[in-house]
K.L.:
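Sharing a structure below in structure tokens format, with a few things to ask.
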Amino acid sequence: MRRFTSRDLQRRLGEVQEAALREAVLITFHGRDRLVVMAADAYAELTARTARAPRDTTPKD
């Protein structure tokens, strides 16, 4: 996963967008992970898989 700073995001938006089309991109702010940017179709696939995943119905103590 490529990493960019929030400043990179502001200054190099096109590069960040192109990278996010290939794989998820991590955006950091003051050295801490802040955002993940990914292609819309990758997000749709991820959320569809999550919706199809079996739910754990085991009661919690």
K.L.:
With hydrophobic residues grouped by side-chain heavy-atom distances under 4.5 Å, do L46 and V36 end up in a single group?
P.N.:
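Same cluster: L46 reaches V36 through Ile, Leu, Val, Met, Phe, Trp or Tyr contacts under 4.5 Å.
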K.L.:
Tell me whether M1 shares a hydrophobic cluster with L35, the cluster being built from Ile, Leu, Val, Met, Phe, Trp, Tyr side chains joined at under 4.5 Å.
P.N.:
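Different clusters.
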K.L.:
Hydrophobic clusters here meaning ILVMFWY residues chained together by side-chain heavy-atom distances under 4.5 Å, can you tell me if L13 and V25 are in one?
P.N.:
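Looking at the clustering, V25 is in the same group as L13.
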K.L.:
Test: salt bridge (Lys or Arg N to Asp or Glu O under 4.0 Å). Region: residues 11-33. Which pairs qualify, not counting sequence neighbours?
P.N.:
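Sorted result for residues 11-33: R2-E15, R3-D33, D8-R12, R12-E15.
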K.L.:
Kindly compute the distance separating OG1 (T5) from NE2 (H30), expressed to the nearest 0.5 Å.
P.N.:
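Rounded to the nearest 0.5 Å, the OG1-NE2 separation comes out at 10.5 Å.
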K.L.:
How far does CZ of R7 sit from CD1 of I27, to the nearest 0.5 angstrom?
P.N.:
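The CZ atom of R7 sits 14.0 Å away from the CD1 atom of I27.
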